[in-house]
Amino acid sequence: MTNPAQRRRATARRALMNRRDVLRAATGACLALPFLPSLGTARSAEAGPIQRFLPIYFPNGASRHWWTGLDHSGAGDAWQLSAMLSPLAPLKSKTIHIRNLGNYRAMQDNRQVEPSHARCSAAYLTCVDADAHDQRNGVSVDQWLVEHAAFPTPIDALQLGCGTFPGFFDGRPWHYNQAISWRKSNGTHPTEPLRRVISPREVFETLVPWAVPRDPTEPSDARHYDASILDEFLAESAALKARLSRSDAQVVDQFETHVRELEILTGEVDPGLDPIPSCTPLAGALPDVPDSDQEVQGVANRNGADIGGIEYDRQTHVDLMNRLIVMAFQCDLTRVVSYMLDDARSPFNYSHVATQDFGGTPGDLNFHDGAQHNGDPLNNAYASIGQWMVQQTADLAMQLEAIPEGDGTMLDHTLILFGSGMHSDDHDAAELPIVLIGGGPTFAHDQNVVLSPYPDDRQLRDLYFTLLTRHFGLDVDEFGEDRDGTPNAIIEEILAP
Amino acid sequence: MSPPQKHPRPQRSATVALATTLFVACATDQTPQGAGDTETDTDLPDQPAPSDSSDPTPTPSASGDIGRLPLHRLTRAEYEHTLRDLLNIEDLPPATFIRGGTGVGFPNEAKLLRDVSEDLARGYIEHARNVTELALATPHLRDTLLACEPSSTEDTSCARPLLDTFGARAWRRPLDTEETTRLEGHYLAIRREGASHEEAVAVLIRMFLSSPHFVFHIELDDAPEDATPHRLNPYELAARLSYTLWSSLPDDELWARATDGSILDHEVMRDEVTRMLDDPRGLRFREAFLETWVRLPLLDAQAQLIDTSVYPAWSAELGHDMRLELQAYLDAFLETDRPWSTFLTADLNFVTPRLAAHYGIPWTSDEATLVQVDEHPDARIGYLGLAGFLTYSSRATRTAPTFRGKIILEALNCMTLQIPADIPELELEPEGGEPAPSIREQLERHRASPECAGCHDFLDPIGFSLENFDAIGAWRETYDDGHVIDASTEYLGTQVSSLVELAPLVAASETFLTCPIEKMMTYALRRTPTSDDRAFIREIRERWNGGSIRDLAEAIVLHDAFQWRRGETAEEGDRQ
C-alpha cells in the first residue's frame, strides 16, 4: 500500500517528468534556472519551528590521534578544536564533539567487527547488524524520522553521495557500502536500501519542478498510453502472485508497489501540489559531472582524472552537492537528507587535497589503501583527507548559517550529524568520530562530551534515541539493537539543561 | 507509535558445509585431507547416475531433497544479453540501474536477486521504453516487429506475430489464452483511440519488456507450497539451460527442442550442451562462470590501483593484455576436452609483444593479437604463473602472500577460511611495503601466535612460493631493498621452493578436484549446495576425476537437481 509519504513522493516525480523534457529542450545541455526573488522559506505558517536532519557520513574512519586529543569533557573555552576539526572553528559555538560512542554492540560484544567496512557502514544509521539477520537491515534513523514525523514537504528525503569509485564490497551486496538509508519494504526483506544519488544533475532535476512555476499552457505529453501499460502490469502481477509461494509473491509484490508509484506510468499531475513559488533556487548552470552510469561502469577514475572526456574534480562535485542541499532546504522541498561524502572502503585518490603536516609521515592520498592502511597510522595523508571531510561539512554548515530563518539561522533549524561508522585505522566500531552541529536550543553546544571509555561506553543507538525523542519530539520505544538487549537510554550530556 | 522494525535472530542455515569444504577453524590444526568426510552423511546411499531415459520419471532418482530455486530477477548480464539476443541488436544502452554481486561468489545466486528496490523498478520501466524506441528505429527489426499493415483499426492480424513470437520468446514460454486475449484487447483499445499500428505495437513491446515475466526467472509449481518434486516443463528446462550456458534466452534451435518437448530427453540435452558451448555465446559461460570463479574481475579493480611509481612497467595496455591471456587460458579449458586436473600445471601461455617482453620471452612477431607460445617462460607453470593472476592477487604497491594463498584455497579449493572475529583486517594483511621487516618476516611473526597459525599455516606457504613474482607478475630475485627473496617453504609436510614445485602439490589435492563440481553446481543451481547434494558431488567426483569442464557441465545439467524443482516448505517461507 502506498502511504501518504510515498504518495507525495510519487506525485513529486509525476510533476518532474512532465517538466523534465521541457527543461531539457529549453536549456540544452546546460541547465540554468532564472534567479527568482527570495521570499523566505515556504510554509512558514506551519505550527512550530521547522526542524531538519542532515546526517553526513565519511568512510574509512578518522586518524585516531589527530581527530582530537581531548580526553576530558569541557565547554566553551575549556575545550579546543583539534587541527583536524579546525574547519569548524567559525561554528564552534554550535558544535558538540562526542567521544566514546560505539556501534559494536549492535553487532557483537567487542569493538573489533569483521568484515569491518561493509558491516559498519550498513549499521551506521540503523544500529542493526544486517549480517546477523541474513542481510536484513533495520530502518535507518533518517527514514524512521521521515515515516513518523510526516513532514509536509513534497519530497520525503534525499539520499546523496559523492562516491565515484567503489571499493571492495567485503563479499556483501553493494548497498552495504553505498547506502546508509534504509526504509520499510513489503519485499522479502523488511527494509530496502535507498541508493545514494551521486549525480548532481539527477538531484537537480528532482528539485527543479518544485522551484519553477508551472506553465499552465505546457502541453501534456504523448504518454497517455502508459496507463494501459500499468493496467497490463497489474493484471500480470496479480495473476502471477496467485500462482506463487508466499515468499516468491513478496518479490513480485515489491516490484508492483514501486511500479504503482511511477509517474511515468500514472501520468496526471496532482493539482493540489503546485510548485513552491517562494524560494531562492540555484542560480547559474550546472557543469557536467559524472553520473551513476559512469560509476557502475567502473570508468570513474580514482585519480580524479578526466572521465570519458568529462573533467572530474571531487571538490566541484561536493560543492555542487552542498549547493543542492541548501537549495532543497531553502525551498523546503525536503527536511531530511542523508549524505555520504564517499562510499565505504573508498579507495578514491584524494590527490586534490593538499597534505598538511600533522606530525606524521607523509602517507598516500588513496583513502583506503594508502592512507588508512599506511604503515604509519598517524600519517599526514590520512589526517588531511579527514580534515577535508570536516571542511566540506563546515562549508555546508556555513552556508546554512548564513541564511536567516525564524529567530535564528537555517543551521539552528538543521541538525547535522557528522561522522563515520568506523573509528580509525584499527577498523573498530567503538570510539566513533561523531560531531553534532546546529539544531538549535535542544543542545548544549560548544562542548566536548567525553563519555565513559570502552567497554563502558555508550552506543549510537542511544544517540539516535535521544535525537528522535528529545529533539524531534517523537514517541520512540526503542531504536536499533543491542546484543544483550540493553534498553535505550538518553544521552543527557548533549542536551541543554 | 510502533518501535523500529525488529528482526528475529537468524536461524541456523539449513546449508551444511560440504564434505569437500575445508572449514578451517583458525585455531585448530585441521588439514585439508583431515577435514573431509566429517559430516554424518556416510551412511547415505550413493546416488545412482542420472538416468538416460527420455521418459520423465514420476520421482527424481536422487535421494534426499532436490533443493528449491526461488523466484529471482535476471542479473544485469542476463538482462542485457536477453535483450540483445531477443532484438538482435548489438549496441543497446547498458542496464546500469541493475546492481548486484558482492565481489565474492557468483552474482547469479538467487537469494541475491530477490529485491526490487524503487530505482530498480523505475529502471526496468524506463529501460523498456528506451529499448522499444531503439528497436522501432532499427530498420530490419522494425519490419519484423510491425509484421504487416493492418486493413482497419479492428484488424489484429498484424499484432499476432508479436504475441506469438516476440512475446513468447521474451517471456521464454508461449502466452496463455488469457494473456493473448488481454494483450489483443490493449492493442485494439489503443488503435480505436486513433493510434497507428506502430504506436500500438510500441505499447505492446513495452508491456512485454516491463513485465515480471521478462525481468524475473519464473518457474511454476502446481502447488507452490508443496515440497514434492516435479520435473520442469520443457520451456523451463530450456531456459535454465540457456541462462546457465549463455546467460540469455533460448535461441531458435533450443526453442524448437522445447516446443517439441525433446529437450526432456537426456541425449538431446547432451547435444544441446555441446552445440551451445561451441557457439560464440558459449564464451558467456566462461565469463559468468569461469572468470567469476577464479576471481578474474579483481584484475579490473587492481588495474586502477597499481602504483606506477613502484611499478613503472605497469600500463593499462599491459593490464589489458594480461586479461586477454587469462581469458585465452580459461577458454583453452572450455573449448576443448583439456582436463581440469592440468589447470595448475599446463604449459600454456599466450602473449602479445607487450606481454612477451614482460615475461622476458624473445618475441619478434609483429602480430599485435594474442598468440599461443610454445616457449614457456622460465619458472612459470599453469594458471598461477600467469602475470594476470599474479597481479590481481596483489596490492597496489606490493605482493600479498596471504591474499594469494587465500584466493587459491578459497576459490580454487573451495575451502572456507574463517577469520576469527577478534583479528582485525590490519593485522591479517600487514601493509607498508615489502622491506624491513619483509612481508615474510611479518607473516612469520604472525604465525607464531597460535590463533593465527591455523589459517596462516595453509595460506602463507602458497604465497611465499610465489614471492619471486612481483605485484605485476614480473620475475624478480630480490626485493627493492636488495634482500634476496627466499621462496622456500613447507606445504603440508613437503619442502617446496618455487611455483613449479608447489603447483603439482595443490593440483593433486582432493579439494582441487572436488571444488569445480561444487562451484559449477552453485552456479548452475543458483544456490549453495546442501548436504543432500553431497552424494551427487561424491558420485560425480569418481566419474569425472578432474576431466573436462564440458563433461562436468553436461553431468550437472542432466542431474535431477537441475531438471526438477519443488515448491516452498513452510519453514522456507517463514525464513523469508
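Numbered from 1 within each chain, the chains take letters A, B, ... in sequence-line order.
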- Query: Are the charged groups of B:E236 and B:R565 less than 4.0 angstrom apart, N to O?
  - Reply: no
- The side-chain contact (heavy atoms from CB on, under 4.5 Å) partners of A:E236 (sequence neighbours excluded) come to A:E232, B:W171, B:R182, B:S211, B:P212, B:H213
- Item | Note: A:R183-A:E147 ion pair, threshold 4.0 Å (strictly below) | no
- Query: Between A:K241 and A:D248, does at least one N-O distance fall below 4.0 Å, as a salt bridge requires?
  - Reply: no
- Task: Could you look at B:A303 and say if it's the side chain, the backbone, both or neither that has a heavy atom under 4.5 Å from chain A?
- Result: neither
- Query: Given a strict heavy-atom distance threshold of 4.5 Å, which part of A:Q135 is in contact with chain B: side chain, backbone, both, or neither?
  - Reply: side chain
- Note on the structure: When the 4.5 angstrom heavy-atom criterion is applied to B:A195 and chain A, the contacting part is both
- Hey, which of A:F168, A:W174, A:F169 has the most heavy atom pairs under 4.5 Å with chain B? A:W174
- Task: Pick one of side chain, backbone, both or neither for A:L240, based on which atoms fall under 4.5 Å of a heavy atom in chain B.
- Result: side chain
- Part of A:R172 within contact of chain B (heavy atom distance under 4.5 Å): backbone
- Task: Considering only NZ, NE, NH1 and NH2 on the basic side and carboxylate oxygens on the acidic side, decide whether B:E410 and B:R295 come within less than 4.0 Å.
- Result: yes
- Item | Which atoms of A:Q254 approach chain B - backbone, side chain, both or neither, heavy atom under 4.5 Å | both
- Quick one: salt bridge (Lys or Arg N to Asp or Glu O under 4.0 Å) partners of B:E198, sequence neighbours excluded? B:R142
- Item | Part of B:L120 within contact of chain A (heavy atom distance under 4.5 Å) | neither
- Message: I need the residue from B:A301, B:A396, B:S210 with the largest number of non-hydrogen atom pairs under 4.5 Å to chain A.
- Response: B:S210
- Item | Per-residue contact mode, B:D221 against chain A (heavy atom under 4.5 angstrom) | backbone
- Item | Salt-bridge contact B:E109-B:R114 (side-chain N to carboxylate O under 4.0 Å) | no
